[in-house]
Each structure stands twice: as C-alpha cells, then as structure tokens.
Amino acid sequence: MIKYRSVYEIFLFVVLIFVPADLSRTTQHDSQDETLWLAMNQAEILRFARALMQSYDLVAPRRKKGRITLGTLSDAADLELEFPPSVHSPKKFLFPHWDELFRFKLDGNVLLEAESAAPPRIIFGMHPCDLHAVKILDDCLFEGETDSAYRAKREATLLIGVDCVPDDHCFCTSLGTDRISSGFDLFFHRRDDKYLVQTGSAQGRQLLADHAPETMAGSHEAPLALQVKQCSSHLQFPTESLPLLMKDAYEDPIWKKLGQDCLGCGSCTLLCPSCYCFNVQDKLELDLKEGQRVRTWDSCQFDQFAKVNNGDNFRSSQSDRQRHRFYRKYKYLWDQHQRTACVGCGRCSRECLAKIKPTEVLNELFSQTPQQQLATSPGSEYQPQMAKVERIEAISAEDRLFRLRVPNNFSFQPGSFLQISVFGLGEAPFSIASPSDDSNEIELVVRRAGALTQALHRVRTGDSIGIRGPFGNGYPVDKMQGKDLLLIAGGRGLIALRSLMLSLLAQRDNYGRITLLCGARSIESLLFHEDLLEWHHSGLIDCRFAVNEQNNSWGIPAVDVSYLFRDLDINASRTIAAVSGPAEMYRQINPLLFRLGLADEDIYLNLERHMKCGLGKCGKCRINNICVCECGPIFPYSSVKHLAEAIER
C-alpha cells in the first residue's frame, strides 16, 4: 500500500499504471516457428484440457442449465468444442464489462491500490470470427497510447481456436473472417472422428509439449486446406467497396428508417466481439471511506452516450446513432486499418428486437448506388473465386486429378494455367489439364510435395478451393489447323499437352497427322494411363513411349524420350512441334528438332515452371525482357532462344 501526499503524486501514479515503459507493442503471440499439424481424438483433448486446468484459468464453452455459455471450466468433461455461433463472445475475458482499474481509500490522505496482475488464462474454443475480433481490439487498443489494462490481460491470455458452422445470421464469408491462419496459439480443425491441431505460435507448441507430450511426439499430419464456409446471409458486393459505398450514404434516408425501428437497447454493440466503447466511474463503498475506479462497457446506441458537459447531445437522435454505428464498423476503422470493424458473426442481428440486419442495410445501400462507382475493388485481381471439387482421382502414387466446377463458363487456350488458393497456406500455379471447351468444369493435376499441395491432397469431393485465372497464352490452335503436329512430353509436361490433345481430338478432322512422343522415369510415374492407352489404340494419335525403367510392365525399352526420334518420319515444312517438360529435356530435344528441319517459329516450348502471380507484376517470372506468366507460358522458340535463363540451344 502506498501513501500519497499531493495531487501531483496521485497523477504520477495514475500515469505509471496506465502507461507502460515501452509503448511499442511486444505481444507474445508472434512466432516464426514452423506450423505443426497434429491429430488428437476426443479422449486426448479431454486429457489436454485437464492438464491445462492445473496451470491456467481455463475459459471454454460448456453446457450450463440447458444452454452453452462461455466461462471458467471446472470439469474438463464439460468442454464443448462444437457449439453454435450464438454463444456470447470471449471479449469479456480480455476487455471485461466491469473492470476495476484501481482501489482508493479516503482516510485522511488518499491511498491508491493498483489492481492485481492478470492471471494466466487460456480461452479454449474461439471461432475464427472471434479471433479476428481480437485482432481488431489489438489494432485499436494498442494504437497510440497503449491501453495497459487491456494489454495486461491480452498478454496473459493464450487463444485456442476451433472451427464452426455458420447459421442464418452469419455473414463471415463476405468479410473473409470464416477462416483464419494466424492470431491464435492453437487451432482445432474437425476432421472425421478426430481433430487436427494447428500450432500458431511458440507458446502453442510449448502448450502441447508440456501438457500433451504424447501428441507432440506423434507423427505430423499434412496441412489442411481451410474451407470457405457457406452463409445464407451475404453481401452482394466486394468488402473493399464498403468505404466507397459509405462515403456518399451519410444523408441517405435509410438511417431515418433504422432510427424509427431501433429501440436503443444497445444489444448490438454490447454483444459485438469488437466494440470497445466504455465509461469510467468511481464506485464508493457504503461506508464512504473507500471505493474503486471501474471501467464499464458503454454503447454508442444509448441516448446519453454523446451528451457533453453543457447538456448538449451531438448525436441526439437514434437515426444519428445507428448511422454512427454503421460508419464506425464499415468506414472509419477501414480508413485507419484497412479492415472493417465487423467480423460478420451475426450476434447483433441475432439478438436485435427490431430485426435490424447489417447485410440487408448494406445491400440496400448498394442497390441504390450506381454500379460503375463500385466497379473497381482494390486488390480484386488477386482475389480468387470459389470452385467446387466435383471429382478426385489418383493417377499416380503422388498425383491426383481434380475436376472443379466454377461459377461461370470461361475460355482459355490449351497451355494456360490457374492460380489455386489454399487459404492459410497461399496459392500456386497449376496447368489446366482439360480441353478448352468453354464449359464450367476444369481439370488439373496436383503432385504432393510441399505444404500447399499436401493440403490439396486432403481436400475431398464437395469441398471448395479458390482459383484465379485462367492466365497466360497457350498453344496456337488456330495456326495448327491443317498442319501435322509433333508433341513431345516429358514427365509432368504431359499435363499441358493433355489439354492440347483433348482440344485437338474434339475437332480431329481439322488437323493432319498427330504424333505424341512421351517419356517418363517409370510406368508408375507416367500420367494419364487410360488416356494414353485409349489414344494409342484408337489410331487417332501415333503414340510412342519411353521410360527409364528396366523390365517395365508395358514392355517398353528402357530409353529416354530422345530415342523416340529414331525412325521418325515427318514433313518439316508442314509440321508444328510442341515441347513440354523439364529444362534438361529441352536441351536434348531442340537440336533434334532442328536436325529434322523445323523452323524456330514452328517449335513451341512450355516455360510454366517460371510462373508466379499470373499478372506480370511480381517480377519472379521475368526473364530479361520477357514476363512468362503474361507473355507465355507457351512460347515459340524464335522469341526465347536469346534468353539463356529460359532455354539453351
């Protein structure tokens, strides 16, 4: 207990307890450690929770009096990991609705007692939207002069997330908050009869090491592709258009209508996981000798919220207050942090007695806005559209063929590519393996290699993944009409050539003789067995194969693809060649094509290995003056023969 003799000393004390020595944010939740994916069943999760309860105040969803609420867990068996979005948010454990800042005694001199330190705590069972809400609170309360009361609780708290299923009020998919890849210490993803635990920080890894050592010592699982959820409520326009939409809506009559409907109860803001308006007041004990200064939640929807000292109220009508709420959520915070202050959890509309729904309000504003004003959405060219996985087929030990259904039909040239997104892991380019038939179904092949492709191999029929594209210039199908075609594929280079061959076969009479020379390391690694055999037996394509495998099941000589040029009879003046494979194959094949008499402009090379963003902006695929993803990836040899980094003659 400290005794103070002057108002100045009291002022110094208040400054010290509210202002940390280092105002820069040093949160414990950032780590560069590798993300781990581990499997846990229900029994292992209960043991984990019991172990955590020995060292932490464990806050989790549990069933109480017939409903699921969030509170301190006293029995691990009560833990509920699958619960509806209607459960109140965990905000109150980081930013309490009644927060004692300090106590004071009025005993001659003023005595101040600082609030006790925040206890170590774990919030177990945060939905993705609530984890996003914590990021918003961090942005706002760490900005400028850090709120040390919030910071103390935030840094003493570890966050464990769990996936959810949206209900009719959720619109998290419109805001991109239905999934999350950071901002947690651990995250539990449901998969069949078990959970996959994803680590998000060094503290999360340590939690497993200390309290679930068997899980930590187990085998690592492949990453899981984060699925975009389905919401019946949604915005009819890109989120990035919100600031522009709100810019000209300040005097819109919709606010008057909302003001007439709204009861001013404040439920929308008090239940919101990211609202943080508060009031500070003193509470005296009955003896009037001691008391406490407390911070309590407040609401911009209360009629006294904007009342100032002289009695004026600068936001006196409920219409003004509703407008302020929407502008605070969808414009003011965006202007500061480039994100909305809403996470689409639906708690406001779910509990609103007046049935005010943000999606209906925003969509009505959008419907009244000239569409050209919102045509440009910053960053929209990088945003994927969702494609549904219709079929998955294993075509080798490491390769799977995915058939995707996209929302709209689109056209592409054989040889074009798509950017495939796995939310939480990023995106990567993949060649299209299906014909260019202007349908809304496409096929591509994914080889299991890194984290992203491992996650794609975990995707199931019916799941959705993100796609961008199609991108690039493909094979000149029009130029090939009436010509003989020599197609040379090595390994995975067959993927792009399959798209070309299926397109050619759809109009077979328009082309002359088609010869396919196909090489691979082994019969097992040779892709599209059924297609190759069908083409070979049909007589529509002259198929010749080479593998490096001795005594293989197809009885093919153990040679490389260059061997297939022996006894090759072609008319060079009427032949176009398409080569697709690894760079070392090009250095072998190109001289052979020149010996056959093919002109530089009649040899087409696939440089897909260089692709990255698909827009010609990132610079990763630029070779001298050529941008592969924009100008290619299919090039005539005449345009790239001077590029040593691309191909060597």
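The first residue of the sequence shown is numbered 1, and numbering continues consecutively from there.
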Could you check whether Asp178 and Thr173, counting side-chain N and O atoms only, form a donor-acceptor pair closer than 3.5 Å?
no

Between Arg190 and Asp163, does at least one N-O distance fall below 4.0 Å, as a salt bridge requires?
no

Regarding Arg448 and Glu398, does a basic nitrogen lie under 4.0 Å from an acidic carboxylate oxygen?
yes

Before accepting this row, confirm whether a basic side-chain N of the pair Arg458/Glu221 lies closer than 4.0 Å to the acidic partner's carboxylate O.
yes

Ignoring hydrogens and angles, tell me if any N or O in the side chain of Asn41 forms a donor-acceptor pair with the backbone of Lys194 under 3.5 Å.
no

Glu240 side, atom CD; Trp334 side, atom CH2 - distance, nearest 0.5 Å
5.0 Å

Using only atom types and a distance under 3.5 Å, with no angle test, would you say the side chain of Arg508 pairs donor to acceptor with the backbone of Tyr511?
yes

Inspect the contact between Glu427 and Arg468 and indicate whether a charged nitrogen and a carboxylate oxygen are less than 4.0 angstrom apart.
yes

Can you tell me if CG on Asp569 sees more than 12 non-hydrogen neighbours from other groups inside 6.0 Å?
no

Run the numbers on Tyr637 and Phe594 for ring pair (Phe, Tyr, Trp, His ring centres under 6.0 Å), then give the verdict.
CA-CA 11 Å; Tyr637 182 81; Phe594 301 141; 5.2 Å; yes

Once you measure the plane-to-plane angle for Phe471 and Phe417, does it fall in the parallel (<30°), tilted (30-60°) or perpendicular (>60°) bin?
tilted

Neighbour count >12 (heavy atoms, 6.0 Å) for atom NZ, Lys388
no

To the nearest 0.5 Å, atom CD1 of Ile576 lies from atom CG of Leu485 at 6.5 Å

In terms of heavy-atom contacts, does CD of Glu530 have more than 12 from other residues, nucleotides or ligands at under 6.0 Å?
no

State plainly whether the residues Arg403 and Glu390 are in salt-bridge range, i.e. N to O under 4.0 Å.
no

Salt bridge Asp602-Lys483, side-chain N to carboxylate O under 4.0 Å:
no

Look only at the side chain of Thr199 and the backbone of Leu36, and say whether a donor-acceptor pair between them is shorter than 3.5 Å.
yes

By salt bridge (charged side-chain N to carboxylate O under 4.0 Å, His left out) - contacts of Arg460 (at least two apart):
Asp192

Please check if the side chain of Asn606 supplies one atom and the backbone of Ile634 the other of a donor-acceptor pair under 3.5 Å.
no

